[in-house]
Every structure is written in C-alpha cells, then in structure tokens.
Amino acid sequence: MIIDFHTHLFPESICSGRECYCDLEPAFDMLYRSPGSHLVSASELLAGMDAGGIDKSVVFGFPWQNPELFTMHNDCIMEAVQRYPDRLIGFGCFDPASSEAAKEAERCLDAGLAGIGELAFYRSGLDDESLARLAPVMAICRERGRPVLIHTNEPIGHRYPGKTPNTLAQIYRLLDRFPENTLVLAHWGGGLFFFNLLKKEVKERFRNVYFDTAASPFLYDTAIYSIAVQTIGAEKVLFGSDYPLLPPSRYFKEMEQAGISGEILARICGLNAARLLGIG
C-alpha cells in the first residue's frame with residue numbers, strides 16, 4: 001500500500017475563483033496568486049492518485065487566517081473523506097495563531113479527521129511567540145494521540161514562495177517544547193535530521209518525530225534519501241508529494257536513483273504512515 005502523506009485539496013469555488021481569496025489572505029496570495037500554482041478539488045486529487053499509483057493520501061487544506069475560510073475548507077476535507085473513505089485521510093488545517101485554532105482542532109478531530117496540519121507560520125517562522133500560540137492545539141493533539149504536521153524549510157539558499165524565516169534552532173525548540181507530541185516535519189524538517197548524529201539529547205527529542213519528503217525534487221539532491229535513512233532511520237521518513245505541486249512519479253524516480261532497497265522503499269512509501277495512522 002502506497003500512502004502519500006502530504007497532499008492538498010481545495011473547494012471547487014476556490015479552484016475556480018482564487019483571485020478574490022488572494023486579495024483577502026496574504027499567505028494564500030504569496031503561494032497561489034500565480035495561475036501556475038495548481039489547485040485541485042477532491043475529484044482531481046483522486047485522478048492524480050490513480051495516475052500515480054497511490055492507494056491513500058493524507059489531505060489538508062490551507063492555514064487561512066479568517067475562521068470562516070478555514071472552517072469552510074475543513075468542512076470540504078471532511079466531506080471528501082466521507083465520500084472517499086478508502087482513499088483519503090483528512091487533517092484539519094487553520095492559522096495556528098488564530099484565537100479559534102484550538103476550538104477548530106477539537107471540531108476537526110471530533111468529526112473524525114486523523115490529525116492536524118499542515119500548520120504554518122509563513123511570516124514569523126517558529127519563534128517563541130508562535131510556539132506559545134501553538135501550545136493549545138498541541139495539548140489537544142497530545143491528549144488525543146493525534147499527529148501534527150508542521151511546515152518547516154531549510155533556512156539557507158534561494159528564496160521561493162512559502163519559504164519561512166524559520167531557523168534550525170527554532171525547529172529544534174519546537175521539538176523541545178512539545179516532546180510528547182507526535183510531529184511530522186514537512187520538507188525534510190529543513191535538514192534537521194542530520195543532527196541525529198549528535199551524541200547527547202537530540203536522539204531523545206526525535207523519538208516522536210517524522211520527516212516527510214514534500215518538495216524534495218525541487219530542493220535536495222537525490223542522495224538525501226540514502227543519507228536520511230543512514231542518519232535518522234528509514235522508519236522516520238514519510239513519502240509526501242505535496243501534490244499537486246509535484247506528481248508522485250518524480251519522487252519514485254529519485255528514490256530509485258538513490259538506490260533505495262525494496263524493503264526500505266516499502267517503509268517510506270507506506271508502512272511507516274500506516275503504523276503512524278493506525279491503518280491495518
């Protein structure tokens with residue numbers, strides 16, 4: 001079973017009329033103003049999954065600031081999961097800095113969504129104020145044993161839409177502050193997994209942490225797969241395509257080029273996600 005742990009879908013009204021939402025939400029405008037930034041509905045995501053050989057996908061929306069928008073989008077995720085329960089696994093998404101964030105997290109989990117994410121602080125990064133705002137949501141997910149997927153990125157290199165000002169130290173403080181939460185760090189955690197080579201407390205901090213591969217073909221050399229397996233362990237890596245940003249085939253090709261063995265490939269592309277989500 002192949003599970004894509006990082007995909008996005010949008011209500012059809014947003015797919016067909018993104019411009020007015022760009023005018024309302026700066027982060028959405030940054031990422032999706034360009035018509036080349038694809039938006040897909042549930043049916044289009046399913047078609048992409050079929051074309052890419054994906055059995056199940058974890059799907060989420062967007063961290064809207066406006067509570068009406070993130071409520072509407074999460075309702076769309078819930079409806080999609082109800083319509084395609086054998087194919088889609090829903091996560092609730094919202095602006096983690098919103099005063100309504102904890103309430104919305106509870107609503108999403110009560111409705112049967114499997115986790116929370118992709119949460120992002122696009123303008124501030126993961127500074128101390130952001131972690132404080134995140135704490136109520138993390139408490140809810142910790143109590144319920146649900147994973148939280150956080151947007152992270154490498155702190156150096158070229159700029160691109162969606163790249164936040166987070167630092168590796170900030171990402172590590174996230175783990176240090178919420179050690180009992182199950183966390184998935186998107187986009188390889190910005191490379192944080194490398195520090196698993198340190199001998200002191202870092203290995204313990206990574207105990208409940210996973211790293212997804214979203215956007216890897218845009219950001220990293222193919223060697224990252226073998227290096228991550230050697231450094232953090234195959235059981236900590238989750239295949240995520242960031243669809244519709246990239247098709248799954250790009251990742252499978254790079255894993256093949258990296259010389260990932262069949263057993264390890266099975267873990268990365270499905271077994272790890274199934275264990276994390278409690279899928280038999």
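Without hydrogens or angle criteria, D95 side chain to P63 main chain gives no donor-acceptor distance under 3.5 Å. Between the K163 side chain and the H158 main chain, a donor and an acceptor come within less than 3.5 Å of each other. Listed for the E44 side chain is a donor-acceptor partner under 3.5 Å among the backbone atoms of S41.
E180 pairs by the side-chain hydrogen bond (donor to acceptor under 3.5 Å, both in side chains) definition with R207, not counting sequence neighbours. Listed by chain and residue number, N74, R107 satisfy the side-chain hydrogen bond (donor to acceptor under 3.5 Å, both in side chains) test with E104 (two or more places apart in sequence, or in another chain). Listed by chain and residue number, F211 satisfy the ring-ring contact (aromatic ring centres under 6.0 Å, His included) test with F206 (two or more places apart in sequence, or in another chain). Residues forming a ring-ring contact (aromatic ring centres under 6.0 Å, His included) with Y122 (at least two apart in sequence, or on another chain): H151. Taking the side-chain hydrogen bond (donor to acceptor under 3.5 Å, both in side chains) definition, one finds that S124 meets it with S130, sequence neighbours left out.
Between F121 and P96, the closest heavy-atom pair is CZ-CG, 3.4 Å. Shortest non-hydrogen contact noted between T164 and R159 is O-NH1, 4.3 Å. A pairwise comparison of heavy atoms in I2 and G53 identifies CD1-O, 3.6 Å as the closest pair. The shortest non-hydrogen separation linking I54 to R87 is O-NH2, 2.8 Å. When every heavy atom of Q170 is checked against every heavy atom of P165, the shortest pair comes out as OE1-O, 3.9 Å. Across all non-hydrogen atoms, the minimal contact from S16 to S13 is OG-O, 3.5 Å.
Within the 4.5 Å cutoff, no side-chain heavy atoms of L39 are placed close to those of L9. Taking the side chain as every heavy atom from C-beta outward, R173 and D128 approach each other to under 4.5 Å. The closest side-chain heavy-atom distance from C141 to N181 is below 4.5 Å. Two residues are said to be in side-chain contact when any heavy atoms from C-beta on lie closer than 4.5 Å; D29 and Y21 fail this criterion. Residues L174 and L131 form a side-chain contact, since some pair of their non-hydrogen atoms from C-beta on lies under 4.5 Å apart. Using a 4.5 Å heavy-atom cutoff, the side chains of L88 and L45 are in contact. Residues L183 and M138 are in side-chain contact: their nearest non-hydrogen atoms beyond the backbone lie under 4.5 Å apart. Counting heavy atoms from C-beta outward, V81 and M78 have side chains that stay 4.5 Å or more apart.
Judged as a side-chain hydrogen bond (donor to acceptor under 3.5 Å, both in side chains), the pairs with a partner in residues 55-71 (not counting sequence neighbours) are, in order, W64-H73. Counting only residues at least two apart or in different chains, ring-ring contact (aromatic ring centres under 6.0 Å, His included) contacts with residues 247-270 comprise F239-Y251, F239-F252. Pairs of residues two or more places apart, or lying in two chains, that qualify as side-chain hydrogen bond (donor to acceptor under 3.5 Å, both in side chains) and include a residue from residues 233-244 are D4-S241, H6-D242, H8-D242.
Distance SG/C93 to CD1/I77: 8.5 Å, rounded to 0.5 Å. The CZ atom of R205 sits 6.5 Å away from atom CD of E201, with the distance rounded to the nearest 0.5 Å. Summarising the geometry, atom NZ belonging to K253 is positioned 8.5 Å from atom OG belonging to S249; distances are rounded to the nearest 0.5 Å. The line from CD1 of I140 to CD of E106 is 4.0 Å long, rounded to the nearest 0.5 Å. Taking CD1 from I150 and CG from L126, the interatomic distance works out to 7.0 Å, rounded to the nearest 0.5 Å. We find the SG-CD1 distance between C108 and I116 to be 5.0 Å, quoted to the nearest 0.5 Å.
Using a 4.0 Å cut-off between a side-chain N of Lys or Arg and a carboxylate O of Asp or Glu, R144 and D110 qualify as a salt bridge. Ion pairing of E129 with R133 is present here, as a side-chain N (NZ or NE/NH1/NH2) and a carboxylate O approach within less than 4.0 Å.
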Apply ring-ring contact (aromatic ring centres under 6.0 Å, His included) to the pair Y32 and F10, showing each step before the final yes or no.
CA-CA 12 Å; Y32 292 111; F10 285 80; 5.4 Å; yes
Set out, in order, the CA-CA distance, both residues' side-chain angles and the distance that settles salt bridge (charged side-chain N to carboxylate O under 4.0 Å, His left out) for R18 and D23, then state yes or no.
CA-CA 9 Å; R18 72 175 75 193; D23 295 337; over 6 Å; no
Side chain to side chain contact (heavy atoms under 4.5 Å, CB included) assessment of L69 paired with F28:
CA-CA 11 Å; L69 286 178; F28 183 78; over 6 Å; no
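Within a 6.0 Å sphere centred on CD1 of I156, heavy atoms belonging to other residues, nucleotides or ligands number 12 at most. Residue Q257 places its CD atom among more than 12 non-hydrogen atoms of other residues, nucleotides or ligands, all under 6.0 Å distant. At most 12 non-hydrogen atoms from other residues, nucleotides or ligands lie less than 6.0 angstrom from NZ of K103. More than 12 non-hydrogen atoms from other residues, nucleotides or ligands lie less than 6.0 angstrom from CD of E25.
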Output side-chain donor-acceptor pairs under 3.5 Å for residues 189-197, partner residues at least two apart or in another chain, one line each.
unit_1	atom_1	unit_2	atom_2	d
N196	ND2	T231	O	2.7

Considering only distance and modelled atom types, tabulate donor-acceptor pairs under 3.5 Å from the side chains of residues 263-273, sequence neighbours left out.
unit_1	atom_1	unit_2	atom_2	d
E263	OE2	R267	NH2	3.3
N272	OD1	R275	NH1	3.4
N272	ND2	A234	O	2.7
N272	ND2	V237	O	2.9
N272	ND2	R267	O	3.2

Check residues 216-224 and write down every donor-acceptor pair under 3.5 Å in which the side-chain atom is one partner and the other belongs to a residue at least two apart or another chain.
unit_1	atom_1	unit_2	atom_2	d
S216	OG	W188	NE1	2.9
D221	OD1	A223	N	2.9

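Y160 is connected to L246 through a chain of hydrophobic side-chain contacts under 4.5 Å among Ile, Leu, Val, Met, Phe, Trp and Tyr, so both are in one cluster.
In this structure, L277 belongs to a hydrophobic cluster whose other members, linked by side-chain heavy atoms under 4.5 Å apart, are M1, I3, F5, V58, F60, I89, F91, L149, V184, Y210, L238, L276, I279.
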